[in-house]
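Step one of this worksheet: look at the structure below.
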Amino acid sequence: MASSYWKSSQFDQWLFDRQELLSVRLRDISSWSINNNSSPITEDDYLKILIFYSNIIQYIGEQYKVRQQVIATGIVYLKRFYARYPLKSIDPWLLCPTCLFLAAKVEEFSTLNHPRVCNAAAATYKKYVHLLGGPNEYPYQIKHILECEFYLLEIMDCCLIVYHPYRSLDMYTREFQIDQQLFEASWRIINDSLKTDAPLLYPPYEIALACLLLAATYRDKMALLKQYMIDAQIDVERIYEVVKHLLKYYELMTTYDADSPHEGKQIKEILSKIPKPKVLSNDSSQSNDQTTTTTTQQNSNNTNNN
C-alpha cells in the first residue's frame, strides 16, 4: 500500500482528464444502434445509467450491512472500468457484485462471501427486473463472479487501494471543530459524490472540502472554510468544480425515476438502449456459461481495439 495518496496508483494511473472521460463515453454512445423512433442517448442519460448501477452496488451491500467504505471502493472500481471500456463490454449486472466482492476483500470485510453477494445481487435484480427487459431471474452464478473477478483484477492492473474523502473529512472535522450535524451532512454528500465523476477527476481532499463547503453553505463555518482555502493556497476553482458535479447530480436526481414511488418509465427506456451481451447457445443449460464467455470475448475485443 502506498504511504500516501500522492504516491499511490490512484493518483498515478486512475486520475482522469474530463475530456478523456467524455471522449470515451461519446465513442461508446456512437457505437449503439438506436431505433428511428427512439431519441438519441445524451450525456445526462449516460450519467443516469452510471448512477443506476452505482446504486445497485449500494443496494447489494446494504443487504448485508457492508461498511460504507467497502461500498465506496466497489463503486470506484465500477467507474474505473467503465471509464476505459464501453458499457457493452461486460454486463453491469455481473460487474456490480464482482466489484463489491473484490472491494470487500481489499477492505478486509470478511463477512461478505461469494454466495452472499450472489444472493444479494439476485434479490436486487428481482427488484428492478421490470426495468430491464431481460431474463426474469438473475442470469449469473457464483462461478461467473469468480471469473469476472480475475478479469477485473487484470484490467485494473491490480491497482486496488482506493483513497476516499472520508479520511480527509475526519481531519477537517478535528481542525475546524465541526459539530456532529455538519459532519453527518458532509458524510452523506461524500456518499453522493460517488455517483458523480468526481472520484475519477479529483483528489480525495478536494472532494471532502467541496462536500463540507456544500454542507456548510448556511452554517457559521463557511467563512472559516474559505479562509482556510486561502491560507492553504488551495485552488478554489477546483473545489467549486467538484461542487458543480454535485449540483449536477442533484439536478439529475430530480428526474431520476428508477425507485419508488416512480414507475421507472424514463430509466427503462434509457437502459433498453444499452447493447446487451448475446447468448450464443440454444441449450438453456449452457446459457449462463456462454453469457459470461460472450461478455469476456467482447471485452477482449474492445481492449484490442483500444
Side-chain angles (χ1 to χ4, degrees), residues 48-82 87 89-153 155-156 160 162 164 166 187-188 190-195 199 253 256-262 264 267-268 271 274 276-277 279 287-289 291-292 295-296 299:
K48 285 183 179 180
I49 292 169
L50 294 176
I51 290 170
F52 178 80
Y53 285 112
S54 297
N55 285 340
I56 295 302
I57 292 179
Q58 186 81 38
Y59 299 145
I60 293 173
E62 287 175 351
Q63 290 185 53
Y64 286 104
K65 295 181 171 59
V66 174
R67 291 199 319 265
Q68 179 58 34
Q69 183 153 327
V70 178
I71 292 171
T73 298
I75 292 174
V76 171
Y77 288 169
L78 181 84
K79 286 184 164 291
R80 284 181 178 182
F81 181 88
Y82 289 126
L87 281 164
S89 57
I90 287 184
D91 187 348
W93 278 101
L94 175 58
L95 191 60
C96 284
T98 304
C99 288
L100 184 65
F101 181 73
L102 183 57
K105 281 185 177 180
V106 173
E107 300 290 348
E108 299 180 349
F109 188 83
S110 58
T111 61
L112 193 67
N113 55 31
H114 282 107
R116 282 188 164 189
V117 78
C118 197
N119 290 339
T124 306
Y125 182 89
K126 189 170 292 187
K127 177 182 177 181
Y128 291 104
V129 70
H130 64 288
L131 302 176
L132 305 176
N136 290 328
E137 299 295 330
Y138 185 64
Y140 301 108
Q141 300 173 12
I142 295 171
K143 59 186 175 183
H144 303 131
I145 294 174
L146 283 167
E147 180 182 342
C148 190
E149 181 186 354
F150 283 111
Y151 211 75
L152 184 60
L153 280 166
I155 285 168
M156 292 201 304
L160 304 178
V162 178
H164 293 293
Y166 304 112
W187 184 282
R188 287 193 295 269
I190 288 176
N191 292 345
D192 292 338
S193 75
L194 294 165
K195 317 295 173 59
M253 291 305 292
Y256 180 81
D257 62 352
D259 297 299
S260 61
H262 307 291
I267 194 68
K268 182 178 182 178
L271 292 174
I274 304 174
K276 303 294 190 297
V279 179
S287 61
N288 281 333
D289 290 335
T291 299
T292 307
T295 56
T296 305
N299 199 20

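Hydrogens, waters and symmetry mates play no part in the numbers below; they use all other heavy atoms, side chains included. What you see is a predicted model; the values in this text were computed from it and never measured.
Residues Leu50 and Lys195 form no side-chain contact, since every pair of their non-hydrogen atoms from C-beta on lies 4.5 Å or further apart. Annotation: side chain of Leu194 is not in contact with side chain of Ser54 (no heavy-atom distance under 4.5 Å). Side-chain contact between Tyr64 and Asn119 is present, with at least one heavy-atom pair separated by less than 4.5 Å. For the pair Ile75 and Cys99, the minimum side-chain heavy-atom distance is 4.5 Å or more. Annotation: side chain of His114 is not in contact with side chain of Lys143 (no heavy-atom distance under 4.5 Å). Between Tyr82 and Pro92 the shortest side-chain heavy-atom distance falls below 4.5 Å. Two residues are said to be in side-chain contact when any heavy atoms from C-beta on lie closer than 4.5 Å; Tyr53 and Leu95 fail this criterion.
Minimum interatomic distance between Tyr138 and Leu94 (heavy atoms only, all atoms of both residues): OH-CA, 4.1 Å. For the residue pair Cys118 and Ile142, the shortest heavy atom distance occurs at SG-N, 3.9 Å. Counting all heavy atoms, side chain and backbone alike, Pro199 lies closest to Ser193 at CD-O, 3.4 Å. Scanning both residues, Gln63 and Ala120, for their nearest heavy atoms gives NE2-O, 3.1 Å. Smallest separation of non-hydrogen atoms from Cys96 and Leu78: SG-CD1, 4.0 Å. Residues Ala258 and Leu131 come closest through the heavy atom pair O-CD1, 3.9 Å.
How far CZ of Phe109 is from CZ of Phe101: 12.0 Å, rounded to the nearest 0.5 Å. Interatomic distance, CD1 of Ile145 versus CG of Leu152, reported as 12.0 Å (0.5 Å rounding). Atom CD1 of Ile71 and atom CG of Asn191 lie 8.5 Å apart (nearest 0.5 Å). Considering CD1 of Ile60 and OG1 of Thr124, their distance stands at 4.5 Å, rounded to 0.5 Å. Taking CG from Asp91 and NE2 from His144, the interatomic distance works out to 11.5 Å, rounded to the nearest 0.5 Å. Taking CD from Gln69 and OH from Tyr166, the interatomic distance works out to 7.5 Å, rounded to the nearest 0.5 Å.
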>> Please determine whether side chain to side chain contact (heavy atoms under 4.5 Å, CB included) holds for the pair Trp187 and Asp192, giving the CA-CA distance in whole Å, both sets of side-chain angles, and the decisive distance to 0.1 Å.
In response: CA-CA 9 Å; Trp187 184 282; Asp192 292 338; over 6 Å; no
> side chain to side chain contact (heavy atoms under 4.5 Å, CB included) between Arg80 and Ile155: does it pass, once the steps are laid out?
Replying inline: CA-CA 10 Å; Arg80 284 181 178 182; Ile155 285 168; over 6 Å; no
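For the pair Asn113 (side chain) and Arg116 (backbone), a donor-acceptor distance under 3.5 Å is present. Here the side chain of Asn136 pairs no donor or acceptor atom with the backbone of Val129 at under 3.5 angstrom. Judged purely by atom type and a 3.5 angstrom limit, His262 has no side-chain atom pairing as donor or acceptor with the backbone of Asp259. Judged by distance alone, with hydrogens and angles left aside, the side-chain atoms of Tyr77 form a donor-acceptor pair with the main-chain N or O of Leu160 at under 3.5 Å.
No side-chain donor-acceptor contact under 3.5 Å links Glu149 and Thr98. Under 3.5 Å, the side chains of Gln68 and Gln58 contain a donor-acceptor pair of N or O atoms.
Shown here are the ring pair (Phe, Tyr, Trp, His ring centres under 6.0 Å) partners of Tyr128, two or more places apart in sequence or in another chain: Phe52, Tyr59.
Aromatic rings of Tyr125 and Trp93 (six-membered ring for Trp) have centroids within the 6.0 Å cut-off, being under it.
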